[in-house]
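A quick note: this is a predicted structure, and the numbers were derived from the prediction, not measured. Residue numbering restarts at 1 for every chain, and letters A, B, ... go by the order of the sequence lines.
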Amino acid sequence: MIYQRPKGTNDILPKEATLWEYLEATAKSIACKYGYQEMRVPIFESEKLFKRSSGETSDVVAKEMYEFTDKGNRKMALRPEGTAGVVRAYIENKLYAPEYVKPLKVYYQGPMFRYERPQSGRSREFNQFGIEAFGVEDPRLDAETIILGWDIIAALGIGHVTVTLNTLGDAPSRQSYLKALVDYLTPYNEELSKDSQIRLQKNPLRILDSKDVHDQQIIQNAPKITNYLTDDARKYFDQVQSKLTEMGINYQLNDDLVRGLDYYNHTIFELVYTGEAFGNKPLTILAGGRYNQLVEELGGPHTPGIGFGLGEERIIEILQRDESLVSKLQPQIDLFLVGVDQSVNDYIFKLAQDLREKGITVVYDYMGRSVKSQLKLANRQRAKFTIVIGEDELKNNEFKLKKMCDGTEIPVKLAEITKNILGEI
RNA sequence: GCGGUAUUGGUGAAGUGGUUAACACAUCGGUUUGUGGCACCGACAUACAUGAGUUCGAUCCUCAUAUACCGCCCCA
């Protein structure tokens with residue numbers, strides 16, 4: 001093999017593509033119900049944009065950015081996540097202007113890139129469907145965002161999913177909490193794992209979701225963000241929760257939930273799947289949160305925002321296990337035209353075109369195969385009907401429409417083919 | 001970025017330091033004339049990821065590279 005695909009990328013072949021179409025169509029239609037519209041932004045942006053938005057110390061930026069220098073010597077990066085580009089576009093196109101309805105609700109879909117070692121549920125190029133809503137800070141919107149995500153997952157028929165919820169509070173909450181956390185952890189510095197010792201310097205919050213067993217023991221008694229929330233932040237989070245409860249969304253509070261990107265504050269959440277598709281190991285399939293400072297940090301006017309991203313590969317992995325869904329989505333051939341010999345080629349070519357215009361899915365053989373082979377082919381493609389066409393048929397203008405599921409044949413005139421097939425499908 | 005395992009045809013795979021790389025599935029063709037899903041018959045790897053080395057000789061040994069899978073970090 002001379003050429004192979006780049007490491008960590010995937011070809012989506014026709015058989016799986018139907019699942020992708022289904023997933024994306026479902027997500028889009030549900031987002032539309034909530035008033036979202038599509039927005040398309042570049043797949044690469046200035047490297048700086050991602051550094052400023054995600055945070056220099058975040059792993060996504062520090063070691064996973066797919067960077068390159070273009071011919072104009074500009075430092076660019078393939079987008080590692082969707083929010084930064086959308087926010088940039090929001091600011092650049094002045095979508096904060098008074099003539100735009102607030103909140104501005106947009107969704108996007110497409111590939112993201114992270115330079116990392118491929119493994120289960122993770123690749124270098126992966127696709128996300130995401131939404132962002134700008135300009136409104138209202139607990140109802142936070143709750144609605146989570147519900148929208150839940151809605152999509154439910155519509156896809158995916159089970160074994162739990163909503164995990166936390167708040168990072170507002171700036172004052174976070175500041176006082178951070179201080180308390182560092183004060184608590186510093187005496188343990190020697191005991192912490194190496195990774196966590198570095199985190200203590202750079203991003204102490206991340207120690208909270210360390211997987212190191214000993215780290216976890218230390219964390220158990222660490223101060224909790226919930227005890228450091230300002231009254232406003234507490235009240236806000238309470239309302240988000242009560243709205244979720246009101247709508248019957250089951251969620252679990254997890255005050256160790258932080259998120260990899262620095263721009264989040266207030267409500268953050270993840271939808272975690274724990275099922276067979278990933279060996280019953282919990283894996284996040286949808287995650288997001290509120291980012292009230294990001295627009296301002298990237299040079300726009302103060303504008304609160306909230307959104308989430310959904311990992312399409314991970315969803316597909318789950319959907320693929322649903323065999324009845326997969327087979328339901330396979331394309332259906334209505335009619336296979338079987339030619340007795342090459343003399344009817346032109347006739348079949350025209351007839352097929354004619355029937356397609358009438359809305360029937362028609363295929364035929366191009367390889368000069370025997371009648372028997374053509375029928376095998378029709379069978380393999382699960383064609384619903386076949387018509388064998390030879391001299392007799394042309395002479396009498398009388399065809400036998402064969403129903404492949406039971407082998408019955410009914411005589412039809414040329415003009416009746418359409419009606420008969422459409423009546424059955 | 002670190003660690004582990006793997007890499008044989010369209011697929012699942014067996015296998016050996018030495019003329020013919022098992023078996024199965026799939027595919028194609030056929031089992032007389034224009035009819036499918038069954039059965040039977042036949043065809044189907046000059047080749048064992050790539051490159052180099054050891055050897056009289058390597059798909060099988062060694063090294064490197066690539067990729068895949070799994071784990072860590074991190075994350076969708």
- Query: How is the base pairing of RNA chain B summarised as a dot-bracket string, given the Watson-Crick and G-U wobble criteria with both distances under 3.5 Å, [ ] for crossing and | for another strand?
  - Reply: (((((((..(((.....[....))).(((((.......))))).....(((((..]....))))))))))))....
- Taking A:Phe129 as the fixed residue, which of A:Leu286, A:Thr26, A:Ile152, A:Leu23 is the one that meets the side chain to side chain contact (heavy atoms under 4.5 Å, CB included) rule? A:Ile152
- Message: Between B:U54 and B:A43, how far apart are the two C1' atoms, rounded to whole Å?
- Response: 40 Å
Output one line per pair: protein atom, nucleotide atom from nucleotides 24-27 of chain B, and distance, for all N/O pairs under 3.5 Å.
unit_1	atom_1	unit_2	atom_2	d
B:U27	O3'	A:Arg380	NH1	3.4

- Query: OP1 or OP2 of B:C75 sitting under 4.0 Å from any side-chain N/O of A:Thr284?
  - Reply: no
- Task: For B:U50 and B:A58, measure between their P atoms and round to the nearest Å.
- Result: 15 Å
Scan nucleotides 35-39 of chain B against the protein and return all N/O pairs shorter than 3.5 Å with their distances rounded to 0.1 Å.
unit_1	atom_1	unit_2	atom_2	d
B:U35	O2	A:Lys402	NZ	3.1
B:U35	N3	A:Glu409	OE2	3.4
B:G36	N7	A:Lys402	NZ	3.1
B:G36	O6	A:Met404	O	3.2
B:G36	O6	A:Gly407	N	3.1
B:G36	N1	A:Met404	O	2.3
B:G36	N2	A:Asn379	OD1	2.2
B:G36	N2	A:Met404	O	3.1
B:G36	N3	A:Asn379	OD1	2.9
B:G37	O4'	A:Asn379	ND2	3.2

- Message: Using a 4.0 Å heavy-atom cut-off, does A:Gly121 contact any base of the nucleic acid, only the sugar-phosphate backbone, or nothing at all?
- Response: base
- The side-chain hydrogen bond (donor to acceptor under 3.5 Å, both in side chains) partners of A:Lys372 (sequence neighbours excluded) come to none
- Query: Does some side-chain heavy atom of A:Thr83 sit less than 4.5 Å from a side-chain heavy atom of A:Ser53?
  - Reply: no
- Item | For A:Arg290, all residues meeting salt bridge (charged side-chain N to carboxylate O under 4.0 Å, His left out), sequence neighbours excluded | A:Asp142
- Item | C1'-based separation of B:U16 from B:C28 [nearest Å] | 31 Å
- Item | N/O donor-acceptor pair, side chain A:Glu116 with base B:A76, under 3.5 angstrom | yes
List, with names and distances, any nitrogen or oxygen atoms from the protein found under 3.5 Å away from nitrogen or oxygen atoms belonging to nucleotides 3-7 of chain B.
unit_1	atom_1	unit_2	atom_2	d
B:G3	N7	A:Arg117	NH2	3.3
B:G3	O6	A:Arg117	NH2	3.2

- Neighbour count >12 (heavy atoms, 6.0 Å) for atom OH, A:Tyr184: yes
- Query: Does the base of B:C75 carry an N or O that pairs as donor and acceptor with the side chain of A:Arg314 under 3.5 Å?
  - Reply: yes
- Query: Quantified in whole Å, what is the P atom distance between nucleotide B:A64 and nucleotide B:C72?
  - Reply: 26 Å
- Message: Say we look at B:C48 and B:A21: how far apart would their P atoms be, to the nearest angstrom?
- Response: 12 Å
- Between B:G1, B:U67, B:C72, spot the one nearest the side chain of A:Lys7, thanks. B:U67
